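Read through the structure below, which is laid out as structure tokens, and then see the notes.
The residues of the chain are indexed from 1 along the displayed sequence. If you're wondering where the values come from, they're calculated on a predicted model, not measured in any experiment.
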Amino acid sequence: MIDVTHQISSVRRTVGRRDFKAGEARVVTVSRTYDVPLEDLWDACTNPERIPRWFLPVEGDLREGGRYQLQGQAGGTIERCEAPKGFTATWEYGGEVSWIELRLRPEGEGRTRFELDHIAHVDDTKWAEFGPGAVGVGWDGMLVGLTVHLRTGESVAPAEGMAWMTSEEGRRFYAESSEAWYAANVASGEDERRAREAADRTTAAYTGAG
């Protein structure tokens, strides 16, 4: 499906904190530049007929103030929308609420930078269990679908995607993604031992190892 090494190295991952709504929040960020114009990347990320081609089927009112629901995943409210530059939305799943912020910006002729923050109020005990990889590895997987779609123009069949995730190549991708989030966690100032333990648990959760 993809070149695992190239995909991992093409994505920038950062971990941080910021004041957000009710107080200090953890922020996990993924970003990558794509060889497509701004308007095309915006359409891929917001068009309800196109989103299922690389992510999940989505229902709802996809405009500022509207509610959305991803099939079998999160739903929420679109709090801010500034087409074609980005949006902010709640990410409601498993009885918990966090937020996503998407920012798109041109980077030269026909190229656009994709940057996504996942923002959550997470206590230190819960954070220590899996660290940023708990959500970061999932967003890395999402970027695989987007990358394939933008490169080929085709849909990523759900069955094909699931088969790849459980293949040897897919497991290697998730293990390398977890390692990349470990590095980002340490770079943010996290204790190396705690970061290592969290990354090992994340790798096992995504690959079935251990």
Side-chain angles (χ1 to χ4, degrees), residues 8 11-33 41-42 45-46 51 55-56 58 60-70 72-105 113-144 146 174 177-203 205-206:
I8 293 294
V11 176
R12 183 170 181 262
R13 303 164 186 83
T14 59
V15 178
R17 299 172 185 257
R18 64 183 276 196
D19 289 331
F20 189 84
K21 296 186 182 290
E24 187 178 67
R26 303 272 189 174
V27 185
V28 172
T29 304
V30 289
S31 60
R32 175 177 173 163
T33 298
L41 187 52
W42 173 258
C45 294
T46 60
I51 293 171
F55 194 24
L56 292 167
V58 61
D61 185 10
L62 303 191
R63 59 180 175 178
E64 189 166 294
R67 294 279 303 177
Y68 74 93
Q69 179 63 54
L70 291 162
Q73 245 290 349
T77 299
I78 300 168
E79 297 187 335
R80 178 190 61 84
C81 182
E82 188 180 355
K85 297 179 180 179
F87 65 80
T88 302
T90 62
W91 186 263
E92 303 170 24
Y93 185 74
E96 298 184 349
V97 180
S98 53
W99 292 262
I100 55 172
E101 285 189 358
L102 175 68
R103 295 180 295 278
L104 304 179
R105 67 174 185 271
R113 188 77 178 175
F114 172 106
E115 190 168 73
L116 180 91
D117 292 342
H118 193 139
I119 307 160
H121 296 103
V122 182
D123 64 48
D124 291 343
T125 300
K126 186 172 182 179
W127 178 262
E129 186 175 5
F130 291 103
V135 296
V137 174
W139 289 117
D140 265 333
M142 176 273 297
L143 287 179
V144 171
L146 180 58
Y174 285 115
S177 168
S178 182
E179 282 301 300
W181 284 110
Y182 160 75
N185 200 13
V186 171
S188 76
E190 181 64 90
D191 175 77
E192 288 191 30
R193 180 184 60 80
R194 288 196 296 267
R196 177 75 272 156
E197 291 173 351
D200 289 346
R201 284 190 285 268
T202 296
T203 300
Y206 275 94

Determine whether Arg18 and Asp117 make a side-chain contact, defined as any pair of heavy atoms from C-beta on separated by less than 4.5 Å.
yes
Any idea which heavy atoms bring Tyr182 and Ala199 closest together, and the distance?
CB-CB, 3.7 Å
What is the minimum heavy-atom distance between Gly131 and Ala198, and which atoms define it?
N-CB, 3.8 Å
List the steps and the verdict of side-chain contact (heavy atoms from CB on, under 4.5 Å) for Arg26 and Arg17.
CA-CA 5 Å; Arg26 303 272 189 174; Arg17 299 172 185 257; 3.1 Å; yes
Validation row: Phe114, Leu41 side chains within 4.5 angstrom (heavy atoms):
yes
Please report the closest heavy-atom contact between Ala83 and Trp42, naming both atoms and the distance.
CB-CZ2, 3.4 Å
If only atom types and distance count, is the side chain of Trp181 paired as donor or acceptor with the main-chain N or O of Gly136 below 3.5 Å?
yes
Both conditions, 6.0 Å and 45 degrees, for the charged tip of Arg80 above the ring of Phe87: are they met here?
no
Smallest separation among heavy atoms of Tyr68 and Ala89, with atom names:
CE2-CB, 4.0 Å
dist Cys45:SG -> Leu102:CG (nearest 0.5 Å) comes out at 5.5 Å
Rounded distance (nearest 0.5 Å) linking atom CD1 of Ile78 with atom CD of Glu64:
9.0 Å
Take Arg113 and Ser31 through the side-chain contact (heavy atoms from CB on, under 4.5 Å) test and state the conclusion after the steps.
CA-CA 7 Å; Arg113 188 77 178 175; Ser31 60; 3.1 Å; yes
For Arg194, the option from Glu197, Glu190, Glu192 that meets salt bridge (Lys or Arg N to Asp or Glu O under 4.0 Å):
Glu190
Check whether any side-chain heavy atom of Trp139 lies under 4.5 Å from a side-chain heavy atom of Leu116, and answer yes or no.
yes
Does Asp200 reach the side chain of Arg196, with side-chain heavy atoms less than 4.5 Å apart?
yes
Side chains of Thr46 and Leu62 in contact at under 4.5 Å (non-hydrogen atoms)
no
Any donor-acceptor pair under 3.5 Å linking the side chain of Gln73 with the backbone of Leu56?
no
What orientation do Trp91 and His118 show, parallel under 30°, tilted 30 to 60°, or perpendicular over 60°?
perpendicular
Val11 vs Leu143, test: side-chain contact (heavy atoms from CB on, under 4.5 Å). Steps then yes/no.
CA-CA 9 Å; Val11 176; Leu143 287 179; 3.9 Å; yes
May I ask you to check whether Trp99 and His121 place their ring centers less than 6.0 Å from one another?
yes
Which pair of heavy atoms, one from Ser188 and one from Val15, lies closest together, and at what distance?
CB-O, 3.4 Å
Side chains of Glu92 and Thr90: donor-acceptor distance under 3.5 Å anywhere?
yes
Taking the side chain as everything from C-beta on, heavy atoms only, tell me whether Arg67 gets closer than 4.5 Å to Asp61.
no
Does any N or O in the side chain of Arg13 come within less than 3.5 Å of the main-chain N or O of Ile8, such that one atom is a donor and the other an acceptor?
yes
Distance-only, no hydrogens or angles: does the Ser178 side chain make a donor-acceptor pair with backbone N or O of Tyr174 under 3.5 Å?
no
Can you name the closest pair of heavy atoms from Ala195 and Asn185 and give their distance?
CB-ND2, 3.7 Å
Is there a side-chain contact between Trp127 and Thr125, using heavy atoms and a 4.5 Å cut-off?
no
Determine, step by step, whether Ile119 and Glu101 satisfy the side-chain contact (heavy atoms from CB on, under 4.5 Å) criterion, reporting the C-alpha distance in whole Å, the side-chain angles of both residues, the deciding distance to 0.1 Å, and the verdict.
CA-CA 8 Å; Ile119 307 160; Glu101 285 189 358; 3.8 Å; yes
